[in-house]
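Data first, discussion second: the structure below is written as structure tokens.
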Number of protein chains: 2
Amino acid sequence: MSANVNQPDPTRERLLLEAERLFATKGYAAVSVRQITAAAETNSAAINYHFGGKKNLYLEVFRQRWRPRAHSTMAKITPLLEADDLSVEKVIRTAIDALWKGPLSHDSQEFFLHGALIHRELHNRTEAWDILVEEAIVPFYDLLYRIFLRIDPTVQKAKVMLNCMSMFSQLVFFSHARPIAQQVMGQPPPEDVEAILADHITAFCLHGMNQTGDQP
Amino acid sequence: MSANVNQPDPTRERLLLEAERLFATKGYAAVSVRQITAAAETNSAAINYHFGGKKNLYLEVFRQRWRPRAHSTMAKITPLLEADDLSVEKVIRTAIDALWKGPLSHDSQEFFLHGALIHRELHNRTEAWDILVEEAIVPFYDLLYRIFLRIDPTVQKAKVMLNCMSMFSQLVFFSHARPIAQQVMGQPPPEDVEAILADHITAFCLHGMNQTGDQP
DNA sequence: GTCTATAGCAGGATAGAC
DNA sequence: GTCTATCCTGCTATAGAC
């Protein structure tokens, strides 16, 4: 009858939660353990007790909170390996759905932080980079390659990689540079910016990838 | 006959130089004034004397070093406003040349830092953000819009903006995520990765932008 | 396990000699 | 203008009471 049988340590969980939020929004160096412990409403020694230091806490954020979400995102794309009606457009739409409405979404605060952490590692690499590459980046692009191989068995791996990265780059850009988009396009923004952007990216990538050989 | 008539204050210049390098590579919070002054081979009080504090030094990096390069990049695209043989491809190639071989280039360390600073501001905004938006981002997209307007006077501004941002996103991604590209495409990388990426982006954007209305 | 107190150190900024 | 010495604040990490 205990309520927290599935919560092995609430304090530890709260620390991970707040740590992710702060690291993702401000960056590792700009956040102090005191800020995290204050946000998690515990004492300043808690991080050292539970994780053995600030650095280990950062890594644990990736292991405990980032990793499971990355896997669930992959799981949304994997079915395409056996889907019947496969097309370039369907792959693009599925990938955008999985990432854009998943890790890179603006609506879900949790997934926004997920994407922000990737970005920060991209520019300031730590040991967490290895986790990212091994468990998310390489498998993600490999999966997409195997899917595109089903559509066109003669496709070049390098070309697929480049195309997928072009798609990915737009997803991360528009998810994090939303303020730019609105500032440049001129205020006020409509409510359905998300859908407009998703449609734009889909169309842009569809044409960008469907280069029917007439290009030098 | 004095040699440094054009160098108003060598110490100040060295501080700006090293500050830009360190801020761009490590980020504002992760860099200490002691590191900067040590790199500039001066005393630890120099920053406060010359700039009045760490924060002002950061802003001065944008004013003194970032701004002129941004303007010279714009100058490379401006001639298209009056060019005779205008085409979508030419605009794309010119923009990629100006940015990719300019601010976002990997070859030129100076311009690499320039791009890195944009990226950091994108994710951790400070007062420098206003300089960026006013002097670079808005004018840049406005300029491209006016150029595309010459090609097709009926083009929608919002669509141009989105297309240009899609192009820009790939440029910044591939310039900073080069390690990912090589890691995902599999080692070893050829020497002309830069050219391959530039060609890919050009082709991808050309097709992505040339959506001839056959798209739902 | 939780918390307070504090050690030990590095940070930015400043005062004042030269 | 340059530098040293120093102040004070804030940091991480730890010791030890409870």
Side-chain angles (χ1 to χ4, degrees), chain A residues 2-64 117 120 124 126-128, chain B residues 2-64 117 120-121 124-128:
Chain A
S2 71
N4 53 355
V5 70
N6 270 337
Q7 294 163 5
D9 196 330
T11 333
R12 201 187 137 100
E13 283 308 306
R14 259 182 299 130
L15 282 170
L16 281 169
L17 188 79
E18 297 298 331
E20 177 177 41
R21 185 177 62 81
L22 287 165
F23 284 145
T25 50
K26 293 165 171 284
Y28 179 82
V31 175
S32 69
V33 298
R34 290 161 132 95
Q35 280 175 54
I36 301 170
T37 52
E41 289 174 318
T42 181
N43 64 87
S44 66
I47 284 177
N48 281 284
Y49 173 76
H50 282 287
F51 304 97
K54 183 187 176 185
K55 197 173 173 181
N56 274 328
L57 167 59
Y58 181 74
L59 289 175
E60 207 61 17
V61 164
F62 278 85
R63 283 192 279 259
Q64 299 286 326
L117 282 174
R120 297 214 174 265
N124 257 19
T126 70
E127 284 101 297
Chain B
S2 70
N4 53 353
V5 71
N6 269 336
Q7 295 162 4
D9 195 330
T11 336
R12 203 187 135 100
E13 283 308 305
R14 262 183 296 129
L15 282 170
L16 281 169
L17 187 80
E18 297 299 330
E20 176 176 40
R21 186 177 61 81
L22 287 164
F23 284 145
T25 50
K26 293 163 172 286
Y28 180 82
V31 174
S32 69
V33 297
R34 292 167 135 93
Q35 279 176 56
I36 300 170
T37 51
E41 289 174 318
T42 180
N43 63 87
S44 66
I47 284 177
N48 280 286
Y49 173 76
H50 283 286
F51 304 96
K54 181 187 176 184
K55 197 174 173 180
N56 275 329
L57 167 59
Y58 180 74
L59 289 175
E60 208 59 18
V61 164
F62 278 86
R63 282 191 280 259
Q64 298 286 329
L117 282 174
R120 298 212 174 268
E121 272 300 317
N124 258 17
R125 288 181 222 151
T126 70
E127 283 101 295

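Proteins come first, then strands; the chains are lettered A, B, ... in the order of their sequence lines, and each starts at number 1. Any value given below was found using the heavy atoms of this structure, including those in side chains, with hydrogens, waters and symmetry copies removed. A quick note: this is a predicted structure, and the numbers were derived from the prediction, not measured.
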### Message
Under 4.0 Å from OP1 or OP2 of D:dT2: is there any side-chain N or O of B:His50 that close?
### Response
yes

### Message
Just the rounded figure in Å: distance from C1' of C:dG12 to CZ of B:Phe23.
### Response
12 Å

### Task
Tell me which nucleotide among D:dA15, D:dC3, D:dT6 gets nearest to the side chain of B:Thr42.
D:dC3

### Task
Starting from C1' on C:dA13, measure out to OH on B:Tyr58 and report it in whole angstrom.
21 Å

### Task
Just compare D:dA15, D:dT4, C:dG11 and give me whichever is closest to any side-chain atom of B:Ser44.
D:dT4

### Message
Using a 3.5 Å distance criterion without hydrogens, assess whether the side chain of B:Lys54 forms a donor-acceptor pair with backbone atoms of B:Tyr28.
### Response
yes

### Query
Roughly how many Å is it from OH in B:Tyr28 to P in C:dG11, rounded to a whole number?
13 Å

### Query
Rounded to whole angstrom units, what separation is found between the CG atom of A:Asn48 and the P atom of C:dT6?
18 Å

#### Entry: Separation of D:dG1 P from B:Arg14 CZ (nearest whole Å)
14 Å

### Query
Roughly how many Å is it from NZ in A:Lys26 to P in D:dC11, rounded to a whole number?
11 Å

### Nearest-angstrom distance from the residue atom NZ of B:Lys54 to C1' of D:dG10
13 Å

### Query
Does C:dA10 have OP1 or OP2 sitting under 4.0 Å from an N or O in the side chain of B:Ser32?
no

### Query
When rounded to the nearest 0.5 angstrom, what is the spacing between CD in B:Gln35 and CD in B:Glu18?
11.5 Å

### Task
Give a yes or no answer on whether the side chain of A:Arg21 reaches the backbone of A:Ile36 with a donor-acceptor pair at less than 3.5 Å.
no

### Summary
With the side chain defined as heavy atoms from C-beta on, B:Asn43 is closest, among D:dT14, D:dG1, D:dC3, to D:dC3

### Task
May I ask you to decide if B:Ala24's main-chain N or O and B:Arg120's side chain share a donor-acceptor pair within less than 3.5 Å?
yes

### Task
Provide, to the nearest angstrom, the distance between the OH atom belonging to A:Tyr49 and the C1' atom belonging to C:dG1.
5 Å

